[in-house]
4 protein chains.
Amino acid sequence: MATQSSKQSAPDTTRRSEKSRRAIYDAALGLVAEVGYPKTTIEGIAARAGVGKQTIYRWWSSKAEVLMEAFLDLSEQAAREAGPEETYTIADTGDLAADLKAVLRLTVDQLKDPRFEAPSRALAAEGVVNEQVGRAFMAKLLEPSLQLYVDRVRAAQDAGQVRPEIDPRIALELWVSPLAQRWLQYTGPITYDYTDTLVDYALHGIAPR
Amino acid sequence: MATQSSKQSAPDTTRRSEKSRRAIYDAALGLVAEVGYPKTTIEGIAARAGVGKQTIYRWWSSKAEVLMEAFLDLSEQAAREAGPEETYTIADTGDLAADLKAVLRLTVDQLKDPRFEAPSRALAAEGVVNEQVGRAFMAKLLEPSLQLYVDRVRAAQDAGQVRPEIDPRIALELWVSPLAQRWLQYTGPITYDYTDTLVDYALHGIAPR
Amino acid sequence: MATQSSKQSAPDTTRRSEKSRRAIYDAALGLVAEVGYPKTTIEGIAARAGVGKQTIYRWWSSKAEVLMEAFLDLSEQAAREAGPEETYTIADTGDLAADLKAVLRLTVDQLKDPRFEAPSRALAAEGVVNEQVGRAFMAKLLEPSLQLYVDRVRAAQDAGQVRPEIDPRIALELWVSPLAQRWLQYTGPITYDYTDTLVDYALHGIAPR
Amino acid sequence: MATQSSKQSAPDTTRRSEKSRRAIYDAALGLVAEVGYPKTTIEGIAARAGVGKQTIYRWWSSKAEVLMEAFLDLSEQAAREAGPEETYTIADTGDLAADLKAVLRLTVDQLKDPRFEAPSRALAAEGVVNEQVGRAFMAKLLEPSLQLYVDRVRAAQDAGQVRPEIDPRIALELWVSPLAQRWLQYTGPITYDYTDTLVDYALHGIAPR
DNA sequence: CGTTAACCGAGACGGTACGTCTTGTCTTCTT
DNA sequence: AAGAAGACAAGACGTACCGTCTCGGTTAACG
């Protein structure tokens, strides 16, 4: 005899329509890019994806969640397109400053890539006001990138280029956070010069040496 | 300049009801604190303020704008309650590190003040996704505070405690932005220790001296 | 100070939009006639009337209620178009049989009038399954017509053409109900001959005299 | 007759699951009785019967059709439980009035039997608005009962208790239809007195003898 | 000091989207 | 091949807000 579950039994993942999922990702990213996050609606996504609303509600619980997965998928796809080693480490040429500047320049480019701009802004914004989304955004999108900096700084510490008592997790915020804030809050222009300067300040401080 | 009559002529500011404005501010702040920004609606604000919806639409063009003014009003009020000189300058004891740490500790406290938390998060979030709001948020709320740091850093440069070629506008981001990001994006805990560390790293860098 | 009513205060009838109400009546009757009652939806009525759904839900609580009022309105309109005395009485020529046959022939015509057919069928059907609607249908639509028969039969009793112990309320069912059932349940054809026969049977019975 | 393949070929009746059919009948009747016809859904029937939706759609084309068969089945069952001869004829004691009154009293009882009430109302209602269902309802459920009255009236005609020119098919409507209408449309109370009166009026008319 | 033009509270209006429910079809796996 | 299960596209449900509009009433500046 079957389970007479009153209501929501979890949907059966094995029977999920891959086609629909892809269409929903595409529709969500497209709409966010074209009309912006607030005007992107679940109904709109469903219509554009040629999908019933229920198919969205069955698998996600909110617009933010859909967009999060869509964006993660997009990121993975982009990572796959780029080289395989590229994404999982920061180059170590022995020159910490140079290496950091190089990565930050790539980040600047990415922040201006229109494919990424709209959805990541939207997710960041949602995360500010919705802690659950914020923590998910942190864990799934930010954390992996930050860890690369931690690794690189640790290597620099081993090489004697960074003081051993420095906490890498905090150190990286000296260049990551300023960039993030300028991007998120329009607190200043974002240029290669700017990120280069950040690295210099972070490495040597602002006090006389 | 003439009447920019697209439909309605501009409302007459002199006849504006002070009582209604106050009630709307209170209602907006109260609702954002109690139910969160997304669930705060113009209808809700109007109802709670005992005000017609049109009275809101007459003077503001969006929920964000209402909240922005309400929050500015709240900030001014709070500033008035605190000392008069307190707010318009950062103490200069001659010890830059100590002065910065002191201010940042106050900031930490303020970030955790529930009266400020909800509305400023909401505005920040809205600003991320809505550039107009973002720039207004920057200009009206952030910029004045940041300017205090610029002034203090300049004084330190004059006193020879900061290298002269350092750009104060960027320098301040070394401690402000990390704190801001942790607060906005839940990327880490916010403590006095943390802000103290930020100041130390910012002043002396992470490289061996 | 105003009534801080938690929710549904009754809507203000004086500010009701006459235009919307008329448009809703027309749309409801039109749709029921064109696509049938089950496929007539509140959304469809609203769309066709160029009206927000809430405007329907504000004033009516169900599709059936809308249609009931629309149909009542239609009936009143039709009555106004016909003569004024016509509708409020059954002619008394002194010949009960002839008078009844005449009215029933009119009824037969009306039952076949496509303007009336669809909505009255729909309401009757809804009334069968929904007692509240059924009683309202009876009270507002059927009862007034039936009363005319009661009056005519009473007059016939006074004239000695109907036995005094006869209950007019039951007597009228001898011709009204058969016609109603044939119409409602497709239990037989509806013709002038048929209604004439009903009147004859009803007046003199089926037993030998 | 050929395979009416529009999409699927006709299902193979020989392999049909008797258990499922019974479960579906029970579920349909149960739900109609408990929550009413409009709230009875195909999904609900399938769930309650522990049956896939397709199993219903395979064998029936609508909710009404399911209920019709379920109700027919119920009626046959009830008939089998009662005596065998009881149901297929109306007693002929020689006294037409008494015989009709007796049967009508039984009908009154049956109309109030909760097992029959809900589904037969539902089917009647559906039939009012859906001619196909209406005609099926008439043919399968009403007609057989009405035929019994035709037979009994014919016998009475042979016995000289009913005028020979009377059409039995119309005559029976003099008592059946009023009762039906009171039941369907809540146009009046249903009592033994009432049905007795109907028979009297029908036999002797309302005019002075 | 009365007229009058505006703001005001209130809330009806045409809309859009919400999240849920059901329809009828389709697909997968089981019996 | 029928059946149990349930995902799917479609679309209506009734609710909540949007931003606009109209309606008295009240209130402050002007004539």
Side-chain angles (χ1 to χ4, degrees), chain A residues 2-3 7-9 11-17 19-20 39-44 46-47 49-59 61-63, chain B residues 7-9 11-17 19-20 39-44 46-47 49-59 61-63, chain C residues 1-3 7 9 11-17 19-20 23 39-44 46-47 49-59 61-63, chain D residues 7-9 11-17 19-20 39 41-44 46-47 49-59 61-63:
Chain A
T3 335
K7 214 68 215 236
Q8 258 108 297
S9 27
D12 181 344
T13 327
T14 66
R15 313 187 53 178
R16 185 166 181 183
S17 161
K19 207 176 79 180
S20 293
K39 289 193 174 176
T40 296
T41 64
I42 300 237
E43 288 212 327
V51 136
K53 281 200 287 178
Q54 202 53 46
T55 299
I56 298 185
Y57 285 111
R58 183 156 31 231
W59 301 109
S61 61
S62 69
K63 183 169 69 162
Chain B
K7 192 75 200 227
Q8 239 83 28
S9 42
D12 180 345
T13 327
T14 65
R15 311 191 51 173
R16 183 167 182 184
S17 161
K19 206 176 78 180
S20 293
K39 290 193 172 175
T40 296
T41 64
I42 300 237
E43 292 217 324
V51 137
K53 280 200 288 178
Q54 200 55 246
T55 301
I56 297 184
Y57 284 110
R58 184 155 30 229
W59 302 108
S61 62
S62 69
K63 181 170 70 161
Chain C
M1 183 168 296
T3 336
K7 213 66 213 237
S9 28
D12 181 343
T13 325
T14 66
R15 312 187 56 177
R16 185 166 182 183
S17 162
K19 207 176 79 180
S20 294
K39 289 194 174 175
T40 295
T41 64
I42 300 237
E43 288 211 327
V51 136
K53 279 200 286 178
Q54 203 53 47
T55 300
I56 298 185
Y57 285 111
R58 182 154 33 231
W59 301 109
S61 60
S62 68
K63 184 169 69 161
Chain D
K7 191 74 197 229
Q8 239 84 26
S9 44
D12 180 345
T13 328
T14 65
R15 311 191 51 172
R16 184 165 183 184
S17 160
K19 206 178 79 182
S20 293
K39 288 194 173 174
T41 64
I42 300 239
E43 293 219 321
V51 138
K53 280 200 289 176
Q54 202 51 249
T55 301
I56 297 184
Y57 284 111
R58 183 154 30 230
W59 302 107
S61 62
S62 69
K63 182 168 70 162

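Chain naming here is simple, since letters A, B, ... match the order of the sequence lines and numbering starts at 1 in each.
The base of E/dC21 is paired with the side chain of A/Gln54 by a donor and an acceptor separated by under 3.5 Å.
For B/Ile56 and E/dG11, the CD1 to C1' distance is 14 Å, given to the nearest whole Å. Between the C1' atom of F/dA4 and the NZ atom of D/Lys19 lies a distance of 11 Å, rounded to the nearest Å. Following rounding to the nearest Å, A/Arg58 (CZ) and F/dA9 (C1') show an atom-to-atom distance of 10 Å.
Residues that satisfy the side chain to side chain donor-acceptor pair (under 3.5 Å) test with A/Ser20, not counting sequence neighbours, are A/Ser17. Scanning for side chain to side chain donor-acceptor pair (under 3.5 Å) contacts around D/Thr14 gives D/Asp12, with sequence neighbours left out. Checked against side chain to side chain donor-acceptor pair (under 3.5 Å), D/Ser61 has the following partners two or more places apart in sequence or in another chain: D/Glu65. Scanning for side chain to side chain donor-acceptor pair (under 3.5 Å) contacts around A/Ser62 gives an empty result, with sequence neighbours left out. Every salt bridge (Lys or Arg N to Asp or Glu O under 4.0 Å) that D/Lys53 has, sequence neighbours left out, goes to D/Glu43.
Counting only heavy atoms from C-beta on, C/Asp12 has its side chain closest to E/dA12 among E/dA12, F/dT20, E/dC7.
The CZ atom of C/Arg58 lies 4.5 Å from the OG1 atom of C/Thr55; values are rounded to the nearest 0.5 Å.
Here C/Thr55 does not reach the OP1 or OP2 of E/dA12: none of its side-chain N or O atoms lies under 4.0 Å away. Under 4.0 angstrom from either OP1 or OP2 of E/dA12 there lies no side-chain N or O belonging to C/Trp59.
Heavy-atom nearest nucleotides on DNA chain E were determined for B/Ser20 and for C/Pro11, and the one closer to the 5' end corresponds to B/Ser20.
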Got a list of protein N/O to nucleotides 27-31 of chain F N/O distances below 3.5 Å?
unit_1: F/dT27; atom_1: O2; unit_2: B/Arg15; atom_2: NH2; d: 3.2

Identify the pairs formed between an N or O of the protein and an N or O of nucleotides 17-19 of chain E at a distance under 3.5 Å, and give each distance.
unit_1: E/dC18; atom_1: OP1; unit_2: A/Ile42; atom_2: N; d: 2.9
unit_1: E/dC18; atom_1: OP2; unit_2: A/Ile42; atom_2: N; d: 3.2
unit_1: E/dC18; atom_1: OP2; unit_2: A/Glu43; atom_2: N; d: 2.8
unit_1: E/dG19; atom_1: OP2; unit_2: A/Tyr57; atom_2: OH; d: 2.7
unit_1: E/dG19; atom_1: N7; unit_2: A/Lys53; atom_2: NZ; d: 3.0
unit_1: E/dG19; atom_1: O6; unit_2: A/Lys53; atom_2: NZ; d: 2.6

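Contact record, C/Lys63 with C/Ile42: N-CD1, 3.9 Å, taken as the closest heavy-atom pair. When all heavy atoms of C/Ala49 and C/Ala23 are compared, the closest pair comes out as CB-O, 3.5 Å.
Where the helix from E/dC1-F/dG31 to E/dT31-F/dA1 starts and where it ends, the local axes point in directions that differ by 10°; five pairs per end, rounded to 10°.
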